[in-house]
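Shown next, in structure tokens, is the structure this report addresses.
Below, chain A is the first sequence line, B the second, and so on; all start at residue 1.
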Amino acid sequence: MTPEIINLIFPNPLPTPAEIEAKYPPRQLAEGAKVTRVAPSPTGDMHIGGIYTGLLNERIAHQSNGIFYLRVEDTDQKRIKEGAMELICNSLGRYGIYADEGVDKDGHDYGPYAPYTQSQRKEIYQAYIKDLLEKGLAYPCFCAAEDLDIMRKIQEKTGVRPGYYGKYAKCRNLSDDEILANLKAGKPFVIRFKSMGDNNKRMIVKDLIKGELALPENDIDVIIMKGDGLPTYHFAHAIDDHFMGTTHVFRADEWVSSISLHIQLFVALGWKAPKYGHVAPLQKLDDGKKRKLSKRHDPEASIVYFWEKGYPETALVEYLLNLINASFEDWRRNNPDKNAFEFPVNFNKVSNAAGALFDFVKLNSISKDVIANMSADQVFDAVLKWAHDYNPTFAERLENNRDYVTKILNIERNIGKKSRKDLTKWEDVESDISYFFDDLYRPNSALLSPISESDVRAIANEFIALYNETDDKDTWFSHIKAIAEKHGFATDMKAYKENPTAFKGNVSDVAKVLRVLVTGRDKTPDLYQIMQILGIDRIKKRLLML
RNA sequence: GACCCUAUCAUCUAACGGUUAGGAUACGGCCCUCUCAAGGCCGGUACACGGGUUCAAAUCCCGUUAGGGUCGCCA
């Protein structure tokens, strides 16, 4: 390609490759240290899969005393959304995924390889595109989008592989004169990579997760610079991961078919490609069929969904770790007190199967465990934080009743052992504890059904006569037994089971009357503790409502 | 359609030629018990199918079927 052509393409001065190499020298890394990254696009969405691969990359880097950085892939200017950076940084930060280098929520760079935002690296990309042009490894293409659409349709119709390659790569063999004429005429253009691959040949690639892959060589002359002068993903990936010193790239499965292109790009640039590991995408069951969790169709694909529901951050992290390495749950059982980030992640043991169904049942179970092992104060703070964002009236109630609610949350909370596990997520808390508040308490006498009204009345009245707030639990229960006995309910479960018809019911039915009257529910935590917290006035009022 | 990948309980998975195919979640039962939860104990018709190779196959090979992914001036 003549200098005249190149000057028409890049009229403004650009740094030379040598200058760029000097500005961004290779990293000095300790033995075994790995450099990984998370590279989201600021599109205003944060996919759960992004947290998944982000966590994997972060663990691999930090576990090895390496570097984990954040790069913003904003080369598609059309899709950029305001506030996206804040969402990205918040999402990562919430789950403890900290970048050593990158961009903060205000767009400020930190770290030696800045800028970490691709749109600000235009000159770097262009310098190398110019270099490839000079070396004859790239060329300008003047085909309009409509022409390409037509071409693709023809290819589909005639059953040939779609794409810009071989005889379909019309601009590949344009003469210098033709190029010059087009350029001078101001015809819009893109820059394409001149592929040296042969689609009939296979290249063997070792994927860190999937193992050996036999991929066809890339023979498509992909666009490396778009009409707006910014690079496409593929080219930016090669440039950035080279200069930022990435050693390992763990990314979603959907990139597998691009591996050969990427390696080709690294070869053309004269650099060593990073090691790749491809993770299968999270799936969901839809109409009996598995499919990729999609932002468009599935609210639960977005990380915001988990915030709205109020899943504790640790629960999601543990669930994801569990998907990354199934051995996590064994480790957790053996190390119940350790922080999840102490778990040694092994990328060799990431499942290379088709893709896991995102399992909310399991997430819920993990979440219950996580919450059961938090203190009442911690739970309170987390619920309050959640409520501030998603349930302001509840937040107000919490703030006005901190001690009271903390006591409620402390019922049957025995951290480390046999702790109550009825809370799955913060969203559930309000309805869970509603009966502790008079304005939310709803009597439900229907739950009393098999027990006669006169018995109910008698039980309630007699209990109040006997109730003393200072009684210990045994004394409290002895009153219930006494009432049971008096009204023909069994107090001995064995006796009751042997001859159920001899009794009206048993002591649990008496307790049930009190429970239903006091809480409006037939299933609650320990009734004694509930009554202690509720206080005698509320109990009296509710028992005498009939 | 072409290409790549994958295939073990309902779900996530372990197994890397020799196991009564293991664990977790879910589910069911029993125990405990003032209900529920928790906890303890127990339980279930899982190696997609068909061919090979081998003394021996869930594990290796081939095919079938099924599922997933990719074929953009999106990443």
Pairing nucleotide - [N], Watson-Crick or G-U, each distance under 3.5 Å:
{"N": "B:C55", "answer": "B:G18"}
{"N": "B:C30", "answer": "B:G40"}
{"N": "B:A10", "answer": "B:U25"}
{"N": "B:C49", "answer": "B:G63"}
{"N": "B:A2", "answer": "B:U70"}

Task: Residues within residues 314-326 of chain A bordering RNA chain B, heavy-atom distance below 4.0 Å - done: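 Those residues whose heavy atoms fall under 4.0 Å from RNA chain B, taken from residues 314-326 of chain A in numerical order, are A:L323, A:A326.
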- [ ] Tell me what A:R413 touches on the nucleic acid: a base, only sugar-phosphate, or nothing, going by heavy atoms under 4.0 Å.
- [x]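 Here A:R413 touches no strand at all.
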Measuring only the [atom1] atom in each nucleotide, how far is [N] from [M]? A whole number of Å is fine.
{"N": "B:G69", "M": "B:C12", "atom1": "P", "result": "15 Å"}
{"N": "B:A58", "M": "B:U64", "atom1": "P", "result": "22 Å"}
{"N": "B:U6", "M": "B:A10", "atom1": "P", "result": "23 Å"}
{"N": "B:A24", "M": "B:A38", "atom1": "P", "result": "15 Å"}
{"N": "B:U11", "M": "B:C5", "atom1": "P", "result": "25 Å"}

TODO: Heavy atoms under 4.0 Å is the rule here; annotate nucleotides 27-44 of chain B 5' to 3' with B where the base is hit, S where only the sugar-phosphate is, and - elsewhere.
DONE: -------BBBBSS-----
Task: Protein-to-nucleotide contact annotation, 5' to 3' order, nucleotides 69-75 of chain B [B base; S sugar-phosphate only; - none; under 4.0 Å, heavy atom] - done: SSSSBSB
Any protein N or O atoms within reach of nucleotides 61-64 of chain B? Criterion: under 3.5 Å, listing atom names and distances.
none

Task: Qualifying salt bridge (charged side-chain N to carboxylate O under 4.0 Å, His left out) pairs, either residue in residues 145-154 of chain A, two or more places apart - done: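 Output for this query lists A:D149-A:R152.
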When the distance from [atom1] of [X] to [atom2] of [N] is rounded to whole Å, what number comes out?
{"X": "A:I209", "N": "B:G68", "atom1": "CD1", "atom2": "C1'", "result": "16 Å"}
{"X": "A:N199", "N": "B:A2", "atom1": "CG", "atom2": "P", "result": "14 Å"}
{"X": "A:L357", "N": "B:C12", "atom1": "CG", "atom2": "C1'", "result": "9 Å"}
{"X": "A:N364", "N": "B:U11", "atom1": "CG", "atom2": "P", "result": "18 Å"}

- [ ] Would you kindly check if the NZ (Lys) or CZ (Arg) of A:R442 is within the cone defined by 45 degrees around the ring axis of A:Y435 and under 6.0 Å from the six-membered ring centre?
- [x]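 Pair A:R442/A:Y435 does not count as cation-pi.
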Open item on the list: Taking side chain to side chain donor-acceptor pair (under 3.5 Å) as the criterion, tell me which of A:H47, A:K292, A:R291 meets it with A:D298.
Closed with: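 Result: among A:H47, A:K292, A:R291, A:R291 is the only option passing the side chain to side chain donor-acceptor pair (under 3.5 Å) with A:D298.
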TODO: Give me the one residue out of A:F328, A:F306, A:F358 that meets ring pair (Phe, Tyr, Trp, His ring centres under 6.0 Å) with A:Y319.
DONE: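 Considering A:F328, A:F306, A:F358, a ring pair (Phe, Tyr, Trp, His ring centres under 6.0 Å) with A:Y319 is found only for A:F358.
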Looking at side-chain heavy atoms only, is the closest gap between [X] and [Y] below 4.5 Å?
{"X": "A:F343", "Y": "A:N335", "answer": "no"}
{"X": "A:V350", "Y": "A:F250", "answer": "no"}
{"X": "A:I224", "Y": "A:P231", "answer": "no"}
{"X": "A:F436", "Y": "A:Y441", "answer": "no"}

TODO: Can you measure from CG (A:D337) to CZ (A:R332) and round to the nearest 0.5 angstrom?
DONE: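 If we round to the nearest 0.5 Å, A:D337:CG and A:R332:CZ are 8.0 Å apart.
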Open item on the list: Would you compute the distance between atom OH of A:Y467 and atom CD of A:E469 and round it to the nearest 0.5 angstrom?
Closed with: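 Reported value, rounded in 0.5 Å steps: 5.0 Å.
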Task: Listed partners of A:R420 passing side chain to side chain contact (heavy atoms under 4.5 Å, CB included), at least two apart - done: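 With sequence neighbours excluded, A:R420 shows a side chain to side chain contact (heavy atoms under 4.5 Å, CB included) to A:E412, A:D422, A:P525, given in chain and number order.
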- [ ] By nearest nucleotide on RNA chain B, pick out whichever of A:G355 and A:L213 is the more 5' one.
- [x]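 In this pair, the answer is A:L213.
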Task: A:H278 side chain to A:D207 side chain, donor-acceptor N/O pair below 3.5 angstrom - done: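 A pair is found: one side chain offers a donor N or O, the other an acceptor, under 3.5 Å apart.
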Open item on the list: Which label fits A:Y276 and A:H262: parallel for a plane angle under 30°, tilted from 30 to 60°, or perpendicular past 60°?
Closed with: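 If you compare the ring of A:Y276 with that of A:H262, the planes turn out tilted.
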